[in-house]
**Student:** 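Have a look at this one.
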There are 2 protein chains.
Amino acid sequence: MNKIEQHLKHHKLRITQVRLDILRYFQNHKTALSHADLEQHFSKHFDRVTIYRTLTSFLENGLIHKIPDDSGIAKYALCRHDSIAHSTVDEHVHFKCKNCGKIECLHALEIPKLHLPKKYKPESANLLIEGTCALCNA
Amino acid sequence: MNKIEQHLKHHKLRITQVRLDILRYFQNHKTALSHADLEQHFSKHFDRVTIYRTLTSFLENGLIHKIPDDSGIAKYALCRHDSIAHSTVDEHVHFKCKNCGKIECLHALEIPKLHLPKKYKPESANLLIEGTCALCNA
DNA sequence: TTAATAAATGCAATTAAGTTGCAAATATGT
DNA sequence: ACATATTTGCAACTTAATTGCATTTATTAA
Ligand SMILES: [Mn+2]
Ligand SMILES: [Mn+2]
Ligand SMILES: [Zn+2]
Ligand SMILES: [Zn+2]
């Protein structure tokens with residue numbers, strides 16, 4: 001039982017080929033991925049609906065998170081609680097490059113807590129910064 | 001020439017019935033609206049494509065802004081530069097209620113500037129806070 | 001090792017959001 | 001009132017995502 005299989009096990013997901021392959025693919029990419037990205041790469045091997053359902057199962061079981069942007073196309077990236085405990089919701093900033101279009105997780109940057117108007121109860125937050133990324137500025 | 005007509009004129013848009021009606025509708029609603037919301041209300045009077053194109057023209061001409069959330073369904077709200085100058089990009093926080101589903105602009109809350117990693121050049125930012133709103137907590 | 005079973009997959013069909021082309025209608029400036 | 005560029009309605013189309021169902025597979029327990 002290798003690392004990736006353990007990762008699935010740990011999140012109570014059955015070990016199947018599509019899950020192993022897509023999980024590894026996420027691990028090898030530092031930028032967020034859309035269904036279309038995965039379909040492009042895996043359509044020879046798996047049905048597009050299976051890819052959708054794989055993303056859904058990863059999302060529901062906390063392996064990945066969804067990153068909203070104004071495009072309306074869902075993008076996902078790995079959660080980083082590679083630690084033992086299945087906890088610590090890691091809320092971090094996302095960066096979208098206007099040049100190359102890629103979205104990155106800035107795990108080092110926390111989203112600052114704001115003082116909301118009376119009676120508003122915050123539970124989670126999403127901060128997306130747009131601009132040009134390090135690579136495109138090089 | 002009333003207030004709403006002037007608003008359109010000021011943004012170099014021709015004065016048409018659908019624009020007057022939809023602009024007024026935005027002014028009367030404090031929460032963000034989707035195309036579906038507008039279609040629900042206006043389908044008797046205007047074609048759905050016309051409503052899409054009205055939103056696009058409002059967006060391109062700075063009357064409204066688009067608010068990204070994880071639903072993938074585009075929501076829009078009025079920009080508030082009712083001032084004379086066509087400027088001052090007002091970047092503010094948005095709040096989405098997990099109970100009633102409504103999205104509000106928190107114009108009073110600015111998005112804090114963060115220190116990004118080297119070579120990243122920020123240009124704009126979107127912050128969406130989710131939780132329960134004042135009304136749902138009352 | 002096998003058998004039982006719950007879960008996952010592939011495929012076809014469907015829903016839903018948004019876009020495009022084009023002819024007809026209309027707003028605006030002269 | 002006229003000329004013209006813009007806007008509108010309608011039909012068709014694209015794209016993203018979902019659903020139903022029969023088949024296959026992973027897991028657990030005999
Ligand atoms: Mn992230
Ligand atoms: Mn707003
Ligand atoms: Zn870039
Ligand atoms: Zn609410």
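No experiment lies behind these values; they were computed from the predicted model shown. Residue numbers start from 1 in every chain, and the chains themselves are labelled A, B, ... in the order their sequence lines are given, proteins ahead of strands.
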**Student:** How close or far is atom C1' of C:dT26 from atom CG of B:Asp47, stated in whole angstroms?
**Tutor:**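 My rounded result for the distance is 16 Å.
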**Student:** Contact between A:Val18 and A:Asp47 at the side-chain level, heavy atoms closer than 4.5 Å - yes or no?
**Tutor:**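 When only atoms from C-beta onward are counted, A:Asp47 and A:Val18 do not touch, as no gap falls below 4.5 Å.
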**Student:** Nearest whole Å is fine: how far is D:dT18 C1' from A:Ile51 CD1?
**Tutor:**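 Between C1' of D:dT18 and CD1 of A:Ile51: 15 Å.
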**Student:** Looking at DNA chain C, which of residues 34-44 of chain B put a heavy atom within less than 4.0 Å of it?
**Tutor:**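 The stretch gives none, as no residue of it lies under 4.0 Å from the strand.
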**Student:** Using whole Å, what does the distance between atom P of nucleotide D:dT6 and atom CG of B:Leu8 come to?
**Tutor:**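 For the pair B:Leu8 CG and D:dT6 P, the rounded distance is 16 Å.
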**Student:** Remaining members of A:Ile111's ILVMFWY cluster at a side-chain heavy-atom cut-off under 4.5 Å?
**Tutor:**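 Answer for A:Ile111: A:Val93, A:Phe95, A:Leu106, A:Leu109, A:Leu114, A:Leu116, A:Tyr120, A:Leu127, A:Ile129, B:Val93, B:Phe95, B:Leu106, B:Leu109, B:Ile111, B:Leu114, B:Leu116, B:Tyr120, B:Leu127, B:Ile129.
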**Student:** May I ask you to test the A:Thr31-A:Ile103 pair for a side-chain heavy-atom distance under 4.5 Å?
**Tutor:**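 Side chain of A:Thr31 against side chain of A:Ile103, heavy atoms only: no contact under 4.5 Å found.
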**Student:** If hydrophobic clusters are built from ILVMFWY residues whose side chains come within less than 4.5 Å, do B:Leu33 and B:Ile67 share one?
**Tutor:**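 Result: no, two separate clusters.
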**Student:** Donor-acceptor check, side chain of B:Asn61 to backbone of B:Ser57, threshold 3.5 angstrom: yes or no?
**Tutor:**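 Checked: pair present.
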**Student:** I'd like to check B:Glu123 versus A:Lys98 (side-chain heavy atoms, cut-off strictly below 4.5 Å). Are they in contact?
**Tutor:**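 SC-SC contact between B:Glu123 and A:Lys98 confirmed.
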**Student:** On DNA chain D, does the nearest nucleotide to B:Lys12 precede the nearest nucleotide to B:Val49 from the 5' side, or the other way round? Give the residue.
**Tutor:**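 It is B:Lys12 whose nearest nucleotide is closer to the 5' end.
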**Student:** Taking the six-membered ring where the residue is Trp, are the ring centres of B:Phe42 and B:Tyr25 under 6.0 Å apart?
**Tutor:**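 Yes, the ring of B:Phe42 comes within the 6.0 Å limit of the ring of B:Tyr25, centre to centre.
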**Student:** Whether the side chain of B:His35 engages the backbone of B:Arg48 through a donor-acceptor N/O pair (distance < 3.5 Å, no angle test) should be reported.
**Tutor:**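 At least one qualifying donor-acceptor pair exists.
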**Student:** How close or far is atom C1' of D:dT7 from atom CZ of B:Phe58, stated in whole angstroms?
**Tutor:**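 Roughly 13 Å, once rounded to whole Å.
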**Student:** Check whether any side-chain N or O of A:Lys96 sits under 3.5 Å from a backbone N or O of A:Leu128 as a donor-acceptor pair, and report yes or no.
**Tutor:**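 Between the backbone of A:Leu128 and the side chain of A:Lys96 there is no qualifying donor-acceptor contact (under 3.5 Å).
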**Student:** Specify the residues of residues 68-78 of chain B, ordered by number, for which at least one heavy atom lies under 4.0 angstrom from an atom of DNA chain D.
**Tutor:**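 None - not one residue of the stretch has a heavy atom sitting under 4.0 Å from the strand.
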**Student:** For A:Arg48 and C:dT15, what is the distance between atoms CZ and P respectively, to the nearest whole Å?
**Tutor:**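 Rounded to the whole Å, the gap is 16 Å.
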**Student:** For the pair made of OH in A:Tyr52 and C1' in C:dA12, what is the distance, rounded to whole Å?
**Tutor:**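 From A:Tyr52 OH to C:dA12 C1': 16 Å.
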**Student:** To the nearest Å, give me how far apart CG (B:Asp21) and P (D:dT8) are.
**Tutor:**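 To the nearest whole Å, that distance equals 11 Å.
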**Student:** Going 5' to 3' along nucleotides 21-30 of chain D, which nucleotides have protein heavy atoms under 4.0 Å from the base (write B), which only from the sugar-phosphate (write S), and which from neither (write -)?
**Tutor:** -----BS---
**Student:** Rounding to 10 degrees, work out the angle separating the end axes of the helix from C:dT1-D:dA30 to C:dT30-D:dA1 (five pairs an end).
**Tutor:**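 It works out to 40° between the end axes.
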**Student:** If a pair satisfies salt bridge (Lys or Arg N to Asp or Glu O under 4.0 Å) and one of its residues is in residues 105-120 of chain A, list it, with sequence neighbours excluded.
**Tutor:**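 Matches after skipping sequence neighbours: A:Glu91-A:Lys113.
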**Student:** Main chain of A:Arg14, side chain of A:Arg19: is a donor-acceptor contact present, judged purely on distance under 3.5 Å?
**Tutor:**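 A pair under 3.5 Å: yes.
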**Student:** Specify the separation, in whole Å, of atom NE2 of A:His45 and atom P of C:dT9.
**Tutor:**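 Spelled out: NE2 on A:His45 to P on C:dT9 is 15 Å.
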**Student:** Select from A:Thr56 and B:Val18 the residue whose nearest nucleotide in DNA chain D is closer to the 5' end of that strand.
**Tutor:**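 Result: B:Val18.
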**Student:** Would you say the ring centers of B:His41 and B:His29 fall short of 6.0 Å from each other?
**Tutor:**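 No.
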**Student:** Please examine the side chains of B:Arg80 and B:His92, heavy atoms only from C-beta on, and report whether any two atoms are closer than 4.5 Å.
**Tutor:**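 No, every pair of side-chain atoms sits at 4.5 Å or beyond.
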**Student:** Base, sugar-phosphate or nothing for A:Arg19? Non-hydrogen atoms, less than 4.0 Å.
**Tutor:**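 Answer is sugar-phosphate: A:Arg19 comes under 4.0 Å of backbone atoms only.
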**Student:** For the side chain of A:Thr54 and the backbone of A:Thr50, is there at least one donor-acceptor N/O pair under 3.5 Å apart?
**Tutor:**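 Indeed, once roles are kept as given, a pair shorter than 3.5 Å links the two residues.
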